[in-house]
Amino acid sequence: MTRRLEAHVIRHMVDAHLDVSLEPGHVTVLFGPSGSGKTTILRCIAGLERTEGGRVECAGEAWDDGRRHFVPPRKRRVGLLFQDHALFPHMSVAANVAYGLPRQSRSSRVETSLRAVHAGQLLERRRVTGLSGGEAQRVALARALAPQPRVLLLDEPLSALDAPTRRELRADLRQILRAEGIPSIVVTHDRAEALALGDTGIVLIDGRVRQTGPVAEVFDRPRDADVARVVGVETALTGRVVACEGGIARVTVGPHEITAVTDEGLRAGDDVYVCVRAEDVSLETAPSSGGSSPRNHIPALVTDVTQEGPLVRVGLDAGVRLTSSITRPSAAELGIVPGLPVVAVVKSTAVHLIAR
Amino acid sequence: MLDWPSIALSLQLATVTTVILLAVGIPLAAWLAFTHVRWAAGIEAVVALPLVLPPTVLGYYLLVALGNQSPLGRWWTETTGSPLAFSFTGLLVASILYSLPFAVQPMMAAFASVDRRQLEASTVLGRRWLTTIVRVVLPAARAGVATAAVLTFAHTIGEFGVVLMVGGNIPGVTRTVSIDIYDDVQAFDYAAAGRTSLALLAFSVIVLVCVYALQRRSGVGPGRRWAL
């Protein structure tokens, strides 16, 4: 039995071929701007829409052959989390979670599921209309997880929440998805969400899959200019927090240690993505005498130089890969050529940490 | 004095009609609200017909269909031993058809306004269509169902033309309260007609207040603007 979900979704403007891992706990992120067809793909996988001549196959079992054969959603055993929870308003929290469960396993699974999403305290028969956005989304997640689906589909699961709740749930969500061991597909247009949650990243533009790969690689090395525009021009490096105090974190990245300002509530030992926009990386040819406000001075070698209109994109090897975007006159003044030793300078406030 | 046998008959007719129309109307309204087939528009039009047809036209066709000249009427008489036209059962059939839009339309509107994602959540969670209707749609649309019941009941109490055509005017069998008023007027008993009319007027006002109160509570009516 293959542990993969294959979908060739043809519908409206979408013509996308996906091959998604169903290894336990594997999270695939479907990333793209709004209107790129992410939700359509998710709905075709759930069976809420049919593909028009495409194909959906889960672990070797045909769900939709684009013609006659179509397994209805209720027989697919998928879990679906909507953007704004879609809880049943007339039912209690427990009744919502129990909805997809067979009678005999109800009471035990309801409790386990609510605890798994860190919402055990909502077990008392409270109505769902009184829940906060974050609580409601946790209950909806518990409802989707309770019947132990073969794959969990999350459609912009955090986008309807306010920023602090989103951050809190984002960190929890990754841990919950790993712990439950259910493979998931997350649709999002938020890069922090994609980096925080995903193992594999799939970039979708105008209904076509444009890049697939490990999520950090997709964000760090966009294949072409279109993908770069969509994922944003940020370097995403993997790092580990050494210390974090008063909102300032020290993080090791490859052979370097850098400082960053953060409100993610990180602790020493946490793994993070270190994101820096190319525009925020300036270059010096000689180490400055110290005393400057930027905290991060990283020695590097120029690997490649690309002209981009008035700007020059400079690829750097600092033991890790960095990208700097500087103006043409600056590049000329510094005499930037491949092989030149430089110092990359980054302000701590320009370093963006995402817990992973 | 009010004509109590007529009032009792009207109440009996309205109650049975309402019960049957809810039983028939809920599945029909659910199907109309959610189906994608094109010819549903045709069914919707047939359901709405009694709203625009003169009651005498509907009554005429029913009389022809239920009378002893029709296969249905003959079959009924042979099976039960009594004719369908000018009987309580015939009246019931007529009432059901005549009040059909008053039952189906409010429920259809209420069902269609239930959040689609809740229906999708239900099917993805492995539930059949029928379970989804019973456990998700009906509770969410209960105000619409209540409105349908009240309107059906009230409309049946007030019907006149169809009753006269199909039921005639047999005291205790087909003589409803609205026929009673007509009879009183024909007999120049304006006092009796006035009393019964006043009772029906009061009843209608109470029913309408109930309907609009229900709609306000469910957020369908204008009260919603102020509640927000």
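Chain letters run A, B, ... following the sequence lines, proteins first, then strands; residues in each count from 1. This one's a predicted model, so the numbers in the text were calculated from it and none came from an experiment.
With a 6.0 Å radius and a threshold of 12 heavy atoms from other residues, nucleotides or ligands, B/F203 has its CZ atom above the threshold.
Heavy-atom pairs under 4.5 Å with chain B were tallied for A/A146, A/P147, A/G47, A/P89; the largest tally goes to A/P89.
The two residues A/V78 and B/V124 have their closest heavy-atom pair at O-CG1, 3.3 Å. When all heavy atoms of B/A121 and A/A86 are compared, the pair lying nearest together is CB-O, 4.3 Å.
A/L101 touches chain B through its backbone: at least one of N, CA, C or O sits under 4.5 Å from a heavy atom, while the side chain does not. In this structure, chain B has heavy atoms under 4.5 Å from both the backbone and the side chain of A/L80. Using a 4.5 Å cut-off between heavy atoms, A/L87 contacts chain B through its backbone alone, with no side-chain atom that close.
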Please tabulate the donor-acceptor pairs under 3.5 angstrom that span chain B and chain A, backbone and side chains included.
{"from": "B/R117", "atom 1": "NH1", "to": "A/D84", "atom 2": "OD1", "distance (Å)": "2.4"}
{"from": "B/R117", "atom 1": "NH1", "to": "A/D84", "atom 2": "OD2", "distance (Å)": "3.1"}
{"from": "B/Q118", "atom 1": "NE2", "to": "A/L87", "atom 2": "O", "distance (Å)": "3.3"}
{"from": "B/E120", "atom 1": "OE1", "to": "A/R43", "atom 2": "NH1", "distance (Å)": "3.0"}
{"from": "B/E120", "atom 1": "OE2", "to": "A/R43", "atom 2": "NH1", "distance (Å)": "3.3"}
{"from": "B/E120", "atom 1": "OE2", "to": "A/R43", "atom 2": "NH2", "distance (Å)": "2.7"}
{"from": "B/S122", "atom 1": "OG", "to": "A/Y99", "atom 2": "OH", "distance (Å)": "2.7"}
{"from": "B/T123", "atom 1": "O", "to": "A/R74", "atom 2": "N", "distance (Å)": "3.4"}
{"from": "B/R127", "atom 1": "NE", "to": "A/Y99", "atom 2": "O", "distance (Å)": "2.9"}
{"from": "B/R127", "atom 1": "NH2", "to": "A/Y99", "atom 2": "O", "distance (Å)": "2.8"}
{"from": "B/R127", "atom 1": "NH2", "to": "A/L101", "atom 2": "O", "distance (Å)": "3.1"}
{"from": "B/R135", "atom 1": "O", "to": "A/H90", "atom 2": "NE2", "distance (Å)": "2.8"}

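Checked against side-chain contact (heavy atoms from CB on, under 4.5 Å), B/S70 has the following partners two or more places apart in sequence or in another chain: B/L72. Here A/F70 pairs with nothing under the ring-ring contact (aromatic ring centres under 6.0 Å, His included) rule; sequence neighbours left out.
Contacts classified as salt bridge (Lys or Arg N to Asp or Glu O under 4.0 Å) and involving residues 36-48 of chain B (residues at least two apart or in different chains) are not found.
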